[in-house]
Structures are given as C-alpha cells and as structure tokens.
Amino acid sequence: MTKRLTEVAKKAGVSEATVSRVLNGRDGVSEATRTAVLTALDVLGYERPTKLRGERARLVGLVLPELQNPIFPALAEVVTGTLAQRGYTPALCARTIGGVSEMDYVEMLLDHQVSGVIFAGGSYALADAKHDHYRRLTDRGLPVVLVNAGVDELGFPRVSTDDAVAVEQAYGHLRSLGHERIGMVLGPEGHVPSRRKLNAMIQAAGWDEGDAECVERSSFSMEGARVAATKLVERGVTGIICASDVLALGTIRAARRLGRSVPADVSVVGFDDSAFMTCTDPPLTTVRQPIETMGQAAVDLLVTQIEGAGVLQDELLFEPELVVRGSTAPAPGR
C-alpha cells in the first residue's frame with residue numbers, strides 16, 4: 001500500500017496524504033486533483049477502490065498495429081498531444097508480432113475504465129478478420145473512432161484519407177510521364193483501404209479482368225513488397241503505385257535486384273509520406289496523408305462522443321496531396 005501511494009503521488013504530482021484522501025473518498029480535494037490521482041492510478045495499472053470503479057477515467061486508448069512504420073509514430077504524436085491539450089491522458093497500445101493482440105489491449109483498456117479508444121490500422125480494416133472485440137466496445141457504449149477505412153457494419157465514426165483521390169493523383173502523374181503499363185502493389189485481399197484503391201484504379205484506368213496481372217498483393221512489409229513487385233517488373237510494368245511507403249521501398253529494392261534502375265526503368269509511387277522519405281535513394285514520390293489534420297479530427301470526434309454530444313456516423317474524408325520527388329521519371333523511351 002505504501003509503495004502504491006508513493007508511486008501514484010509522484011505520478012499525479014501531489015502528496016501521499018492527498019492520494020489517500022482521494023482513495024478513501026474524503027472531502028477537501030479539488031475535482032482537478034481528484035481526476036489527476038485517479039488517472040495516475042489507471043496509468044500505473046492499479047485497481048481503483050470498488051466505490052470508484054463505476055467512473056470512467058480521463059484516459060483514452062490509442063491502439064496501433066506497430067511503430068516500425070514511421071506513419072504510426074507520426075499519428076501517435078498528433079493524437080497524444082491533442083488529447084493532452086483537451087485534458088485527457090493517452091494510453092499508447094502498440095501491437096507486436098507474438099506480443100499483445102488488439103483484442104487483449106481492448107480488455108486491458110476496459111479494465112482501466114477508459115473514456116474512449118482511437119484505433120489505427122487495426123483488424124477493423126480487414127474484412128475477413130475477427131471483430132468481436134469491437135462489438136464489446138459497442139455493447140459497453142464506449143466512444144470509439146477509427147482512423148482510415150474499415151468494414152461498414154461496425155458503425156464507428158471514421159476519419160479517412162480519400163483513397164480514390166490518392167490513386168487518381170498517382171495514376172495521373174504516371175500517365176503524364178508517358179507510362180502505359182502501370183501496376184499496383186496493394187495490401188491483403190480483405191484490406192478495405194486497398195480495395196478502395198483498386199476500385200479507384202479500375203475506374204481511372206478503365207481496367208477489365210485481363211488487367212488483373214497488373215495487381216499484386218502483399219503484407220505491409222518490405223520483404224512482401226519485394227516478392228510482389230518482382231512479378232510486376234518481370235511482366236513489363238514500368239510504373240508502380242503502392243499502398244504504403246514501406247511497400248514502395250520494397251518495390252524499389254525488387255527493381256534493383258532485377259537489374260532495373262529507379263526511376264529510369266521503373267517509376268514508383270508510395271502512399272503516406274512518412275518520415276525520411278526525402279532521405280531514401282532516390283527520394284520517394286508519394287501521396288501524403290494529412291496526418292496532423294486527421295489526428296486532430298479523430299480526437300475531436302472522440303471527445304464529442306465522450307461529452308455526450310452525439311455520434312457522427314458519417315466517414316470524414318480528407319484529401320491527400322501528391323508529393324513528386326526522385327522515384328518517378330518519364331517512361332523508358334520517352
């Protein structure tokens with residue numbers, strides 16, 4: 001008990017006596033101090049006293065699929081900073097291979113009486129994944145916001161980049177450079193944002209069933225992209241649109257292993273404009289997600305729900321921006 005009081009007091013920036021008064025429900029503590037103590041208790045993983053468990057903490061979960069892809073730390077920076085400005089304490093939950101699953105994180109967050117959860121890149125974006133843990137949040141009436149497209153039946157508010165506009169920008173850029181044989185490296189078959197990108201490409205390029213050989217699927221890794229892109233390059237594709245910057249970097253590696261030059265022989269367009277894409281060789285042409293605006297919008301939507309002002313069921317679409325760098329050039333022979 002003494003250790004707990006000391007740790008909570010240090011985390012909340014108050015005296016141990018103040019922590020004791022809060023935990024015992026005594027008077028003489030301001031609401032702000034009381035909230036700080038309860039939040040510190042939640043963050044440190046201690047159970048609240050039974051009489052205080054019915055109240056939700058000013059704690060908000062941010063669940064990410066990984067931190068290796070620079071786009072997710074960038075989103076985390078925006079979301080956590082915005083939450084702090086709004087008086088909430090962020091709890092960052094990043095999944096790892098063989099580690100804590102998204103479902104496990106949901107259980108942990110529910111145990112800590114969080115006020116709401118923001119998800120990015122979760123299994124909600126995979127049509128064939130299990131979604132039972134999201135329905136648990138719905139049953140609890142817990143405010144939730146999803147970043148980027150997910151399966152429709154979940155019914156959560158979404159803040160998304162407009163995938164159709166992203167593909168139109170990338171495809172238009174490659175066509176303006178004279179590329180006629182244009183392919184795509186996308187995420188798994190059931191990945192909803194990748195489905196949207198493919199549908200947009202079918203519309204923009206007028207593809208039919210015979211153009212299926214211009215599309216390859218991959219896990220969101222450089223290794224998976226290298227395998228997928230190798231097939232496209234061997235089929236004579238000279239321009240490749242990728243569903244993420246990581247996939248684009250794997251595609252560049254594939255082209256080089258086949259003895260092709262980027263961009264002289266193969267032009268590559270990424271998606272995200274994550275950190276360090278100006279430092280790659282060559283610097284990556286990519287479609288930039290407006291991460292700062294989207295992160296702030298996600299927090300605004302969540303706080304609106306927490307404060308009981310209603311739920312916006314519509315999906316908010318944000319327009320991306322094509323950033324032209326050194327990985328694209330005129331098609332060979334042009």
Side-chain angles (χ1 to χ4, degrees), residues 61-66 69 71-72 75 93-97 100-107 117-139 142 144-168 170 183-205 207-209 211-221 223-225 227-228 231 241-247 250 271-272 287 289 294 298 301 311-318 320:
L62 172 60
V63 184
L64 304 176
E66 57 166 313
N69 184 336
I71 199 66
F72 292 116
L75 176 66
C93 306
R95 305 198 310 276
T96 56
I97 296 175
V100 181
S101 69
E102 186 176 74
M103 187 178 303
D104 291 333
Y105 273 130
V106 166
E107 292 299 325
V117 186
I118 296 174
F119 290 92
S123 57
Y124 65 85
L126 299 170
D128 53 356
K130 292 183 178 180
H131 300 131
D132 294 344
H133 53 296
Y134 297 119
R135 295 187 178 93
R136 284 210 64 197
L137 298 174
T138 302
D139 293 342
L142 198 70
V144 172
V145 174
L146 309 179
V147 177
N148 278 327
V151 295
D152 291 331
E153 58 264 26
L154 292 176
F156 294 132
R158 287 168 287 173
V159 174
S160 304
T161 300
D162 194 324
D163 291 303
V165 171
V167 169
E168 290 167 5
M184 303 186 84
V185 175
L186 300 175
E189 180 70 34
H191 185 243
V192 177
S194 291
R195 284 184 177 180
R196 290 185 173 188
K197 290 180 175 70
L198 178 57
N199 290 335
M201 187 67 166
I202 291 171
Q203 293 295 319
W207 279 359
D208 55 32
E209 292 183 5
D211 294 299
E213 65 175 12
C214 292
V215 178
E216 287 294 333
R217 302 281 183 174
S218 168
S219 61
F220 281 95
S221 67
E223 295 75 16
V227 173
K231 298 175 183 178
I241 300 170
C242 302
S244 77
D245 290 342
V246 171
L247 295 183
F271 178 80
D272 282 338
V287 180
Q289 291 200 70
M294 291 171 62
L301 277 176
V311 180
L312 177 67
Q313 297 292 352
D314 296 334
E315 181 178 18
L316 298 182
L317 290 178
F318 289 79

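Side chains of Val215 and Leu198 form a contact here, defined as non-hydrogen atoms less than 4.5 Å apart. Taking the side chain as every heavy atom from C-beta outward, Val167 and Met184 approach each other to under 4.5 Å. In this structure, the side chains of Val165 and Pro320 come closer than 4.5 Å at one or more pairs of heavy atoms. Residues Leu186 and Glu216 have side chains not in contact (no heavy-atom distance under 4.5 Å, counting atoms from C-beta outward).
Using modelled atom types, no side-chain atom of Asn148 and backbone atom of Pro193 make a donor-acceptor pair closer than 3.5 Å. Judged by distance alone, the side chain of Arg158 and the main-chain N or O of Val145 form no donor-acceptor pair under 3.5 Å. In this structure a side-chain-to-backbone donor-acceptor pair under 3.5 Å is present from His131 to Ser123. Within the 3.5 Å criterion, the main-chain N or O of Leu247 finds a donor-acceptor partner in the side chain of Ser244. Using modelled atom types, no side-chain atom of Asn69 and backbone atom of Phe72 make a donor-acceptor pair closer than 3.5 Å.
Distance check, rounded to the nearest 0.5 Å: CG of Asp163 to CG of Leu317 gives 8.5 Å. With rounding to the nearest 0.5 angstrom, the CE atom of Met103 is 6.0 Å from the CG atom of Asp132. We find the CG-CD1 distance between Leu62 and Ile118 to be 6.0 Å, quoted to the nearest 0.5 Å. Rounding to the nearest 0.5 Å gives a distance of 6.0 Å between NE2 of His191 and CG of Leu126. From Glu102, atom CD reaches atom SG of Cys93 across 10.0 Å, with rounding to the nearest 0.5 Å. Separation of atoms CD (Glu223) and OG (Ser221) is listed at 5.0 Å; rounding is to 0.5 Å.
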Checklist line | Residues Val159, Leu146; criterion side chain to side chain contact (heavy atoms under 4.5 Å, CB included); working and verdict | finding: CA-CA 6 Å; Val159 174; Leu146 309 179; over 6 Å; no
Item checked: Evaluation steps, side chain to side chain contact (heavy atoms under 4.5 Å, CB included), between Ile71 and Asp245 -> CA-CA 9 Å; Ile71 199 66; Asp245 290 342; over 6 Å; no
Note to self: Checking Ser160 against Phe318 for the side chain to side chain contact (heavy atoms under 4.5 Å, CB included) test, could you report, in this order, the C-alpha distance in whole Å, the side-chain angles of both residues, the deciding distance, and whether it holds?
What the structure shows: CA-CA 6 Å; Ser160 304; Phe318 289 79; over 6 Å; no
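Smallest separation of non-hydrogen atoms from Ser194 and Arg217: CB-NH1, 3.8 Å. Across every non-hydrogen atom of Phe271 and Cys242, the tightest pair is CB-O, 3.5 Å. Heavy-atom minimum distance, Val151 versus Ala127: CG1-CA, 3.6 Å. Between Gly224 and Ser219, the closest heavy-atom pair is CA-OG, 4.1 Å. The heavy-atom pair separating Gly190 from Asp128 by the smallest distance is CA-OD1, 4.5 Å. Between Ala120 and Pro65, the shortest heavy-atom distance links the atoms O-CD, 2.9 Å.
Annotation: His133 is not in aromatic contact with Tyr105 [ring centroid separation under 6.0 Å not met]. Between Phe119 and Tyr134, the ring centre distance stays below 6.0 Å.
With respect to the salt-bridge test (charged N to carboxylate O, under 4.0 angstrom), the residues Arg136 and Asp139 do not qualify. At a threshold of 4.0 Å, the pair Glu315-Arg196 counts as salt-bridged, since one of the basic side-chain nitrogens sits closer than that to a carboxylate oxygen.
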